[in-house]
Amino acid sequence: MSNIALPVASFSPLYQQIKSMILASLQASEWLPGEAIPSEIELATRYAVSQGTVRKAIDELAAENLLVRRQGKGTFVATHQEDDWQYRFLRLEPDSGEKIHLKNQFLSCKSIDASDFVARLLKLKQGESVLQIDRIQTFAGKPVVFEEIWLPESRFAGLNLEALNTWPGPMYAFYESQYATHMVRAEEKIKAIAADTILGSHLHVAQGAPLLSVERVAFTYGNKPVEIRYARYDTIDQHYVNKLN
């Protein structure tokens with residue numbers, strides 16, 4: 001008689017189940033960015049588990065930068081509108097060591113049909129409407145970044161050039177405030193390129209000058225891609241920081 005392998009039952013630790021439930025509430029905007037979530041005791045009562053189980057779930061969400069613990073105040077939903085978090089995804093730093101504050105100049109914002117490349121990365125149908133945004137970012141009066149950005153128009157309906165140019169802070173804070181879209185993580189591809197005529201014009205560098213190309217896909221809750229950025233950096237006086245744990 002031959003042995004038959006029995007299927008192995010999948011098992012998820014209880015704290016992981018609670019983590020998934022809290023994440024579902026974040027996805028459903030039950031608690032908005034910047035707001036406090038219920039206390040550990042309240043959540044333990046809500047989910048009928050121990051406070052320690054809730055604490056472990058919250059610890060993981062805090063480690064993933066989805067929640068922020070504040071001593072004596074509670075636990076809050078992470079937001080890009082706070083000073084400490086506004087530039088969490090910014091990796092450009094001046095060689096001088098000073099703090100960088102980039103000034104935005106949006107050049108265009110138009111609706112186009114998604115190319116194969118954009119549709120694939122944003123998980124859209126080919127030809128679905130997306131917004132293409134071009135912007136230059138300057139530091140100390142010098143252009144250092146030129147970006148092309150693509151967003152699904154269905155999520156960012158009504159977004160226009162005037163709204164972008166009148167927003168005073170980072171774009172991720174704008175997405176959060178105006179479109180209830182919170183960026184939680186990003187994936188990047190980085191390589192060296194040479195400036196062509198167009199990039200040279202935007203960044204005030206000579207044709208053939210070395211630039212850093214960074215292709216980023218940013219995700220909101222549920223691992224959903226909602227933004228593509230194709231940035232070219234002039235790193236003659238700046239460098240790109242990557243901290244590895």
Side-chain angles (χ1 to χ4, degrees), residues 8-91 119-124 128 130 149-157 159 169-188 216-229 242-245:
V8 178
S10 61
F11 172 76
S12 176
L14 185 56
Y15 80 91
Q16 288 283 358
Q17 297 175 41
I18 302 306
K19 176 184 175 183
S20 295
M21 292 178 186
I22 296 174
L23 184 57
S25 292
L26 294 173
Q27 289 177 283
S29 297
E30 180 178 347
W31 312 306
L32 298 175
E35 291 184 352
I37 69 170
S39 69
E40 290 178 0
I41 295 175
E42 290 172 314
L43 290 173
T45 301
R46 172 175 176 169
Y47 299 127
V49 297
S50 71
Q51 187 176 344
T53 298
V54 170
R55 183 178 298 115
K56 194 168 184 179
I58 290 176
D59 284 345
E60 284 211 353
L61 290 167
E64 294 171 8
N65 296 313
L66 299 180
L67 297 176
V68 179
R69 290 188 182 276
R70 293 184 185 146
Q71 187 67 33
K73 295 182 179 180
T75 303
F76 295 77
V77 183
T79 173
H80 291 282
Q81 299 190 59
E82 293 183 359
D83 289 341
D84 291 343
W85 285 70
Q86 281 188 357
Y87 300 101
R88 183 163 69 90
F89 287 80
L90 178 63
R91 295 288 182 264
R120 175 173 53 83
L121 291 183
L122 290 179
K123 296 184 179 179
L124 303 174
E128 194 169 337
V130 295
I149 300 169
W150 293 272
L151 304 167
E153 190 167 7
S154 57
R155 179 179 283 265
F156 295 91
L159 179 58
M171 285 189 75
Y172 287 173
F174 178 78
Y175 299 157
E176 222 177 62
S177 173
Q178 304 300 312
Y179 291 95
T181 298
H182 179 64
M183 301 302 191
V184 299
R185 72 177 190 89
E187 296 177 357
E188 293 185 334
R216 172 190 294 177
V217 181
F219 300 78
T220 189
Y221 297 121
N223 209 34
K224 184 174 180 59
V226 289
E227 183 205 57
I228 301 169
R229 291 192 184 192
N242 190 16
K243 298 177 181 179
L244 304 176
N245 295 324

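Keep in mind it's a predicted model, so treat the numbers as computed, not measured. Scope of the values below: all heavy atoms of this structure, side chains included, with no hydrogens, waters or symmetry mates. Residues take their numbers from the sequence shown, with the count starting at 1.
Partners of Glu30 by salt bridge (Lys or Arg N to Asp or Glu O under 4.0 Å), not counting sequence neighbours, listed by chain and number: Arg46. Residues meeting the salt bridge (Lys or Arg N to Asp or Glu O under 4.0 Å) test with Arg155, sequence neighbours left out: none.
Within the model, atoms CD of Gln16 and CE of Met21 stand 12.0 Å from one another, a figure rounded to the nearest 0.5 Å. A distance of 8.5 Å separates NE2 of His182 from CG of Leu26, quoted to the nearest 0.5 Å. A distance of 14.5 Å separates OG1 in Thr181 from CZ in Phe219, rounded to the nearest 0.5 Å. Taking CG of Leu67 as the reference point, atom CZ of Phe76 lies at 11.0 Å (rounded to 0.5 Å). One finds the CZ atom of Arg216 at 9.5 Å from the CE atom of Met183 (value rounded to the nearest 0.5 Å).
Nearest heavy atom pair, residue Pro33 against residue Val77, reads CA-CG1, 3.6 Å. Pairing each heavy atom of Arg185 with each of Asn223, the nearest pair is NH2-OD1, 2.5 Å. Between Phe174 and Tyr179, the shortest heavy-atom contact is CE2-CE1, 3.8 Å.
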Quiz prompt | Thr75 and Arg69: CA distance, side-chain angles, deciding distance, side-chain contact (heavy atoms from CB on, under 4.5 Å) verdict | solution = CA-CA 4 Å; Thr75 303; Arg69 290 188 182 276; 3.7 Å; yes
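Every pair passing salt bridge (Lys or Arg N to Asp or Glu O under 4.0 Å) that includes a residue from residues 16-29 is listed here, sequence neighbours excluded: Lys19-Glu60, Lys19-Glu64.
The shortest distance between side-chain heavy atoms of Met171 and Arg229 falls below 4.5 Å.
A distance-only check finds no donor-acceptor pair linking the side chain of Tyr175 to the backbone of Val226 [under 3.5 Å]. Listed for the Glu35 side chain is a donor-acceptor partner under 3.5 Å among the backbone atoms of Leu32.
Glu227 and Tyr172 share a donor-acceptor pair across their side chains, judged by distance under 3.5 Å alone.
Among Thr220, Leu124, Val217, Leu121, the single residue meeting the side chain to side chain contact (heavy atoms under 4.5 Å, CB included) criterion with Pro225 is Val217. Applying the side chain to side chain contact (heavy atoms under 4.5 Å, CB included) test between Ile58 and each of Leu66, Thr53, Ile22 identifies Ile22 as the sole match.
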